[in-house]
Structure formats: C-alpha cells, structure tokens
Amino acid sequence: MSSHPVAGTVASLMPRAKEELAELVAFRSVADFDQFPRSESEGAARWIADALTAEGFEDVALLDTPDGTQSVYGYLPGPAGARTVLLYAHYDVQPPLDEAGWTTPPFELTERDGRWYGRGAADCKGGVIMHLLALRALKANGGVPVHVKVIAEGSEEMGTGGLERYAEEHPELLEADTIVIGDAGNFRVGLPTVTSTLRGMTLVRVSVDTLAGNLHSGQFGGAAPDALGALIRALDSLRAEDGSTTVDGLTSDASWDGLQYDEEQFRRDAKVLDGVELIGSGTVADRIWARPAVTVLGIDCPPVVGATPSVQASARALVSLRVPPGVDAAEATKLLQAHLEAHTPWGARVSTEQIGQGQAFRADTTSPAYQAMADAMAVAYPGQEMQYAGQGGSIPLCNTLAALYPQAEILLIGLSEPEAQIHAVNESVAPEELERLSVAEALFLRNYAAS
C-alpha cells in the first residue's frame, strides 16, 4: 500500500468503514416490493442521507423517482470556481437467491478468509462507503478541492429507470464536469482498472398459450400442443449449436481489441465445472464485452415437486439480452421480440412485453480526467499501471448522463472484481480493494482539481 498521507488516513478509517458497511448491508434493500418490504429500501436511503448530512453535505434529499423508488442526493460545496464532480453508487441490491446457499447470512456482513461477505458488499453498497472514505480522507488532508455531488440510486438492479427519468426531468440536478461511477470493478484484485465500455440490456417477458386449460397427458399428450414445449423450442432458437447468441437480424461477430481475458482464468473466475465447455466463439473478451448475449433468467412452469401428468396450457419466461456498444438497445428489443414470435412453433399464441432496457456505453479514454485517474491509481497501487477493460453488465444511467451532459467526462471504477461474485450467493468485497480504490478516488479528485 502507498505511504501517501491520504493512504494513511484511509487505512485509519477502515475499521469505521467496516462498521458502516455492516449497517448498510443489513438493509434488505431489494427494489422488488412484491418480495421485499419497501421499508428496507427506505431505511437504506435514510442511512445514506444521514451519512451525507453528517459529512456536511447540503441540499440532502430523498428523491421520489417515477418507478416508485428513492434515490439519495447531496451537494458538498468546494472552493469558489472549482470544478464539479458527481459520485455515483446504488444502494439497492440483487435478491439473495437461495439463502441456504450462503455460508453466512446474506444481510449480515461477515469476515472470512480476508474478505467481507454480504449481499451488496461489493455491488454496490461498498461503492457508497468508498465515496465516503475518499471524501473523509481529503477533508483530513487539506480539504475537498472540488464541488461534489453524490447520487445513490435505489433501483439500478431492477433496470426500471427511475433515476434516469428523474434526471431527464431535472437536468440541472446532476450536472457535473466529471462523473465517477462507482459500480464497476478491477479486472482482478490488485490490478487497477477503469471500465471503458458497458453492454446495454433489454428484458423481455414472453408468454405462450396453446390450450384453454391443462389436459391429462395420457389422454391428450401426443396431439395436444404443449405450451411449455413450445416455449422451450422458442428459447432454444436463441442460441447456435456452440451457444452463441442468434437473434435474427442482430450482429454477433464484433471483436474486442483491448485487455484480454485468459480462457483458463475465466473458467476459474466463473467456476465452470470440469468437463463443461464455454459457450460462443472468438476470444473470451469478444464474447463478454463486444458481442450480444442472451440469458433465460426465469421460467414460469410447474415445479418438479408436486407436478401432475399434464399437458401445459400456458408458460412464460423472462429473457435478458445484453447488447454491446454500437447496438441500439431499442432496436435489439424489437429484434428479440420478433425472433421469439417467429420461432414459437405450432401456431401457439405468443406475446412479448418489454419490462426493462438500457443503452450500451463507451467512454472517452483520452480525456484529462482519465489521466488524473491513471496518476491516482499509480499511487494507490504502487508498481501497477491502470488498465482499460470492458464490462458485460449494464449501467443504464451512464448513457442518460452522457446524453444530458455531453461535455462531462465519465469514469467507471468500483469493487466488483471477479472474486466478488456479485449477483451470486456469497457475494463479498476485498477490504484491501475498498481501501486502495478509496485512496485512488481521493487522489483523483485532488489531481483533477489541479489539472
């Protein structure tokens, strides 16, 4: 770790950071209020608002966004004439999935083998703590040299666009010279990385109906059209034999010319079982950063336990399509819907509904802010040079901000390196990454103010 005074301050603040992250992780802030109480998300929002107020932020507010969730905003004034930097994170989290699959409770921050485990520890409640650490370190070492705006989103994981719509309706609120999105991650622990591209995404719900009601499979099976079978056929048509995504009309042969991802390392990071092949063609980086990828997120059908010998009358699925930079997410949505409708067999009735969408993003890595970040990371990670990588995930807000503030420079950093296992069971954060990235962000703000 660096011997820089800012680094020493951050190191001294780490015990407090762990306590605060534990408090924040304890909120079951999943922005799906059919499954989780709204009060949990509102409690997390209030926690962040109180933390910003305690740090001297002005105009702290809980913003009621159009999707029914809250985002937290605050403004910390800097010296007269200084630049303005927007720091972003989100406090909503993915559901814990199978809680029995967690080694320790998902909403209880637990230290194990040098990492801190808990849902949201890396994605992205840790990002909230990272911003707080960076600002506290600067305040203890001469002050914060820029105007700072903080925005903590309440529904990023749901893709319902509440903050995007709010920003469009209040364009002055988040205006800044540079925006730091704290929701990405290093390529691996100890390798400082900025994310230069993000894939966009669309979510489509597809429903198939074939019969007025379920039928006895012995009496009618073999001639009666099975809705679940029809749906399976339609979903299977979305992949080639090698697993590549095949949506009619959607290009899927782009390549990635930046940092490459070793295939064996990817297998280890993804915990692919022995003997199971990776899917798709091209390099791993091509597949996860530069090409579309379809995933069936869920299927509504009878569970195995309790199933009856019936031909199913109806079935539905939720399908995700990740789209790379250069592909319009709205057009990709239309192509996906048309493909599913065209490939549903037997004349089955099929309907599709888009329920979420976000555009892909590509950053301008030649900007002064990127040089300021590279210099900061060189101090926070001695002996390491900042790398540029893509990310297969989506942060729809990035494109909204880029459209609203075309002059703003946007950088993506964060705690979601591969070992963090975000969105999976046993999500965790490496405390040394939280410490080093907080140092990097603090020094970036100082460097950027002087540039």
Side-chain angles (χ1 to χ4, degrees), residues 88-90 93-94 120-124 126-127 130 153 156-157 159 164 179-203 245 252 254-263 265-266 269-270 278 280 282-295 320-327 329 332 356-365 369-370 373-374 377 386-402 409-424 427 429-430 433 437 440-441:
Y88 166 91
H90 64 85
V93 297
Q94 285 285 334
D123 183 27
C124 178
M130 177 181 74
E153 187 175 3
E156 191 275 340
E157 298 291 6
E164 296 159 65
I179 300 166
V180 179
I181 305 289
D183 191 24
N186 286 342
F187 185 66
R188 62 186 60 267
V189 171
L191 184 64
T193 311
V194 290
T195 298
S196 57
T197 68
L198 297 168
R199 288 192 295 196
M201 57 82 70
T202 185
L203 289 174
T245 293
S252 59
S255 59
W256 176 265
D257 59 4
L259 183 68
Q260 292 298 312
Y261 204 147
D262 177 75
E263 187 165 319
Q265 184 61 54
F266 178 83
D269 290 341
L278 301 186
T283 69
V284 170
D286 292 341
R287 287 176 254 182
I288 64 173
W289 297 335
R291 297 180 181 178
V294 70
T295 305
S320 163
L321 178 65
R322 302 285 181 169
V323 295
V327 176
Q357 180 182 288
Q359 295 288 357
F361 170 78
R362 187 186 303 275
D364 176 10
T365 59
Y370 273 81
M373 182 61 80
M377 284 189 163
M386 186 176 79
Q387 302 292 316
Y388 299 89
Q391 183 170 295
S394 305
I395 306 175
L397 182 67
C398 281
N399 274 86
T400 299
L401 296 176
E409 303 172 74
I410 300 178
L411 300 95
L412 294 101
I413 62 172
L415 302 165
S416 298
E417 39 76 28
E419 293 179 50
Q421 294 195 139
I422 64 170
H423 295 202
E427 177 184 346
V429 67
E433 289 287 79
L437 284 168
E441 182 168 276

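Here T193 pairs with N186, F187, L191, Q387, A389 under the side-chain contact (heavy atoms from CB on, under 4.5 Å) rule; sequence neighbours left out. For D123, the side-chain hydrogen bond (donor to acceptor under 3.5 Å, both in side chains) partners are H90, H423, not counting sequence neighbours. Every residue meeting the side-chain contact (heavy atoms from CB on, under 4.5 Å) condition with N399, not counting sequence neighbours, appears here in chain and number order: Q359, F361. Residues meeting the salt bridge (charged side-chain N to carboxylate O under 4.0 Å, His left out) test with E153, sequence neighbours left out: none. Judged as a salt bridge (charged side-chain N to carboxylate O under 4.0 Å, His left out), and not counting sequence neighbours, the contacts of E427 are R119. Among residues two or more places apart in sequence or in another chain, the side-chain hydrogen bond (donor to acceptor under 3.5 Å, both in side chains) test is passed with E417 by R115. Partners of M201 according to the side-chain contact (heavy atoms from CB on, under 4.5 Å) rule, which considers only residues two or more places apart in sequence or in another chain, are L203, R322, S394. In terms of the side-chain contact (heavy atoms from CB on, under 4.5 Å) criterion, residue partners of T195 (sequence neighbours excluded) are, by chain and number, A184, L198, Q391, L412.
Between the R199 side chain and the P292 main chain, no donor and acceptor come within less than 3.5 Å of each other.
For residues 282-291, the set of pairs meeting the salt bridge (Lys or Arg N to Asp or Glu O under 4.0 Å) definition, not counting sequence neighbours, comprises E263-R287, D286-R291. For residues 187-196, the set of pairs meeting the salt bridge (Lys or Arg N to Asp or Glu O under 4.0 Å) definition, not counting sequence neighbours, comprises R188-D269. Within the structure, salt bridge (Lys or Arg N to Asp or Glu O under 4.0 Å) contacts touching residues 389-400 (residues at least two apart or in different chains) do not occur.
Taking both residues in full, the closest heavy atoms of V327 and A332 are given as CG1-CB, 4.2 Å, listed atom of the first, atom of the second, then distance. Between I181 and C398 the shortest heavy-atom distance is CG1-SG, 4.0 Å. Minimum interatomic distance between I410 and A363 (heavy atoms only, all atoms of both residues): O-CB, 3.9 Å. Between P325 and T197, the shortest heavy-atom contact is CG-CB, 3.8 Å. Of all non-hydrogen atoms in S416 and A122, the two that sit nearest each other are OG-O, 3.8 Å. Of all the heavy atoms in C124 and G182, the pair that sits closest is SG-O, 3.2 Å.
The one candidate from L401, V180, L397 that meets the side-chain contact (heavy atoms from CB on, under 4.5 Å) condition with Y88 is L397.
Note that CE of M373 is 7.5 Å distant from CE of M386, once rounded to the nearest 0.5 Å. Taken to the nearest 0.5 Å, the CE atom of M130 stands 5.5 Å off from the CG atom of L415.
Contact annotation: the side chain of E409 never approaches that of D364 to less than 4.5 Å [non-hydrogen atoms, C-beta and beyond]. Looking at heavy atoms from C-beta onward, W256 lies out of side-chain contact with Y261 at the 4.5 angstrom threshold.
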Note to self: Run T365 and V194 through side-chain contact (heavy atoms from CB on, under 4.5 Å) and show every step you take.
What the structure shows: CA-CA 9 Å; T365 59; V194 290; 5.7 Å; no
